[in-house]
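Everything below concerns the one structure shown next.
Chain naming here is simple, since letters A, B, ... match the order of the sequence lines and numbering starts at 1 in each.
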Amino acid sequence: MWFAGRIVSSLAVLAAVSVVLFALTRLTPLSPARIVLGADATAEQIQAFEHDRGLDRSLPAQYSAWVAQLPRSGFGQSYITGRSIDLELLESLPVTVELVAVTFLLTLAGAVPLGLIAALTEDRWPDHLIRMLSLMAVSVPGFWLALILIRVFAVKLGWVPPIGITPLAEGWYAHFTSLVLPALSIALYYIGALSRLMRAAVIEVLGQDYVRTARSLGLSRGLVARYVVKNALPPFVSVAGMSFGYMFGWAIIIELVFNLPGLSRALLTAITQRDYPMIQATVLVVTAMFIVSNLVADLIQRLLNPRLRHA
Amino acid sequence: MTAPALSLSDLSVAFGPEIAARKVVHGVTLQVMAGEKLAIVGESGSGKSVTALAVMHQLGRAGRIVGGSMRLDGEDITSLPESACHELRGRKVAMIFQDPMTALNPAFTVGRQLVDAIRSHDDPGRKAAWSEAEQLLAKVGIDDPRRRSGQYPHELSGGMRQRVLIAMAIACRPRLLIADEPTTALDVTVQAQVVALLRDICASSGIALLFISHNLDLVAEFCDRIAVMYRGRIVESGSAEAIFSAPRHPYTRLLLDAVPRPGRPLRTAAPAPLAESPGEGACDYFSRCRLADADCHVRPALRGAGTHLSACWRSA
């Protein structure tokens, strides 16, 4: 029941985003016809181009035509290349999703233990060290970090390829290592931010009466740790869920630096060429990812917190 | 003669860093026999909870024992390594805290928490622990224990949660149960039920009870002996009847008078000090005492005939 409600509201958000997205796309100056046909195109040619693609109709009419074709023929064809956008996304989306997934796993693997260590050593040297490192991590811009990482690990040390992605066919290890630098460029910021959050959440829970109760009953350290973590995770999970969505935005930039064949290439070319359907498709897909990650975060929250389940 | 369940002798506790340590418990001496119920009474900050936490070895990072000794069942527990503390807590001493609304973990069912407590010492196995948990819930007066054990703390009333906490505390049959104002957060009818439950448990299992309260009336009714604490020291101790009917220390009298009774004008503690304290070494109660005079510039020790002791020059 709760889940059905969340699905409906998620779809509503998606619909609202699609309207805004559609309007913003059309508001960008310069018609795609001008870009495709070049500066020498005649007024008739431009009119014909716009008529073929329905661009001479009113915005609401264009919007409903776009929505109507979605179930039938997907996102349609690119204005520029004439290729199916669905196929284009099918090629580029998995790269971005994989990059974000690796980034997210790196973030969790870094932020959770660091946050725990910092909380358990509150105001002693490991805590101070972690605080300093996370401050540095959140202060460094990702694209700059990416360049430094390439310089050190790819150019100087030669451990990983500087750009591009090694296909899975060449072995999963080579494939994974080619993703490590771009993932790290994004993850470092989130490791810094989320480890601080984890630390605060754990410290808050450590001061709760029920932790004192557990200790006064002689429960083992491991058991006390489980009591603490299960209560400290909810705030962490909701921010981590949102971060997963934000990482798609970062991925677009970092993919450009590392020349990865992900959504970034598709989106940026589409924007400079006013490839309306391509822009809409890409942004809508990223929006959907954002919504799904928040939905998953909410689901996990309910599993962790029984009070939400009964509300 | 068997050793007392708990024996504190000249126990002192301090908080803060070594150089700026602040003593909050000064040389407390007391004994609780098996099956006996001792109450520690006093106002906020008098050191009663700190004394209890010292016994539990739960003073935290800032607090430590700086003098005296503690014995549990004759065994010295004054300084213990962390592993021995784990064996002590729950198994030998268990504690019930003031606020049942926050003392249970909101993310686990009460049954699960009770089972974790049972399995922490002498683990009888998962299945046996669950059936033991249901028996314990029944023992503390919870109807339909099977259903209740599957519920979360937020689904239980305050009184029921305190019963669950009592069940957790007695799960491993400790020798001593410390109850730190267990009824303060409950309404009066539930308060009476919880007190009756604690009395029954002590009577049937021989567990010694250290009951911390600021309500002299309540403890006089159901505890065997009372120790009154003021500013980290015991100022009067004796049987509940003796203290209730013939209090000797002016502070004890003040505590008794602070309870409103029909037909008597309410007397409250003097808000402002009556006199400047003459300094270190004087009676701690000097500045609030109506009877203080030059004798009181020297702090009196606990004294008296028999078991009724009082730390006041003015008491007979």
Side-chain angles (χ1 to χ4, degrees), chain A residues 2 112 116-128 198-199 201-238 297-311, chain B residues 49 52-53 55-58 60-61 82-110 112-123 150-155 161 164-165 167-172 174 177-178 180 185:
Chain A
W2 165 84
V112 173
L116 268 174
I117 292 170
L120 295 176
T121 61
E122 190 186 353
D123 287 335
R124 280 176 281 160
W125 70 264
D127 182 28
H128 293 311
M198 186 70 188
R199 174 190 181 271
V202 170
I203 286 177
E204 157 108 29
V205 173
L206 280 175
Q208 296 294 313
D209 285 355
Y210 52 81
V211 175
R212 188 180 57 180
T213 305
R215 284 188 176 143
S216 77
L217 290 167
L219 264 53
S220 66
R221 271 164 180 268
L223 213 48
V224 173
R226 282 183 62 178
Y227 275 30
V228 170
V229 168
K230 195 171 176 191
N231 282 285
L233 275 181
F236 181 84
V237 167
S238 63
D298 278 5
L299 264 172
I300 296 174
Q301 293 254 42
R302 289 173 68 83
L303 289 180
L304 291 172
N305 189 342
R307 278 169 296 186
L308 288 177
R309 287 205 289 276
H310 296 273
Chain B
S49 295
L53 290 173
V55 176
M56 297 296 295
H57 282 271
Q58 276 193 308
R61 258 199 287 158
E82 187 54 38
S83 57
C85 289
H86 168 72
E87 190 49 36
L88 171 87
R89 294 182 201 134
R91 188 78 190 84
K92 292 172 182 160
V93 201
M95 190 156 172
I96 304 163
F97 296 96
Q98 180 169 346
D99 191 352
M101 308 312 268
T102 55
L104 284 166
N105 193 325
F108 294 90
T109 62
V110 295
R112 167 72 197 279
Q113 293 181 58
L114 191 46
V115 165
D116 282 344
I118 293 168
R119 300 188 64 185
S120 286
H121 304 280
D122 307 325
D123 186 359
Q151 287 185 320
Y152 288 92
H154 70 272
E155 298 171 89
R161 290 187 215 186
V164 171
L165 284 159
M168 284 165 72
I170 60 171
C172 291
L177 185 61
I178 302 176
D180 190 355

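- Between B:Ala107 and A:Asn231, the shortest heavy-atom distance links the atoms CB-OD1, 3.7 Å.
- Residue B:His121 holds its NE2 atom at 7.5 Å from CG of A:Leu217, rounded to the nearest 0.5 Å.
- Your options are B:Met95, B:Arg112, B:Arg119, and the one with the most heavy-atom pairs under 4.5 Å with chain A is B:Arg112.
- Atoms OG1 and CZ, on B:Thr102 and A:Arg212 in that order, are 7.5 Å from each other to the nearest 0.5 Å.
- The heavy-atom pair separating A:Lys230 from B:Phe108 by the smallest distance is CD-CZ, 3.5 Å.
- Of the atoms belonging to B:Leu165, it is side-chain heavy atoms, and not backbone ones, that fall under 4.5 Å from chain A.
- In this structure, the portion of B:Glu82 lying under 4.5 Å from any heavy atom of chain A is its side chain and not its backbone.
- Only the side chain of B:Arg61 comes within contact range of chain A, judged by heavy atoms closer than 4.5 Å.
- Among B:Glu87, B:Arg91, B:His57, B:Gln113, the residue with the largest count of heavy-atom pairs under 4.5 Å with chain A is B:Gln113.
- Heavy atoms only, all atoms of each residue included: A:Leu219 and B:Ala117 are closest at CD1-CA, 3.9 Å.
- Only the side chain of B:Met56 comes within less than 4.5 Å of a heavy atom of chain A; its backbone N, CA, C and O stay farther away.
- Contact check for A:Ser216 versus B:Phe97: side-chain heavy atoms found under the 4.5 Å cut-off.
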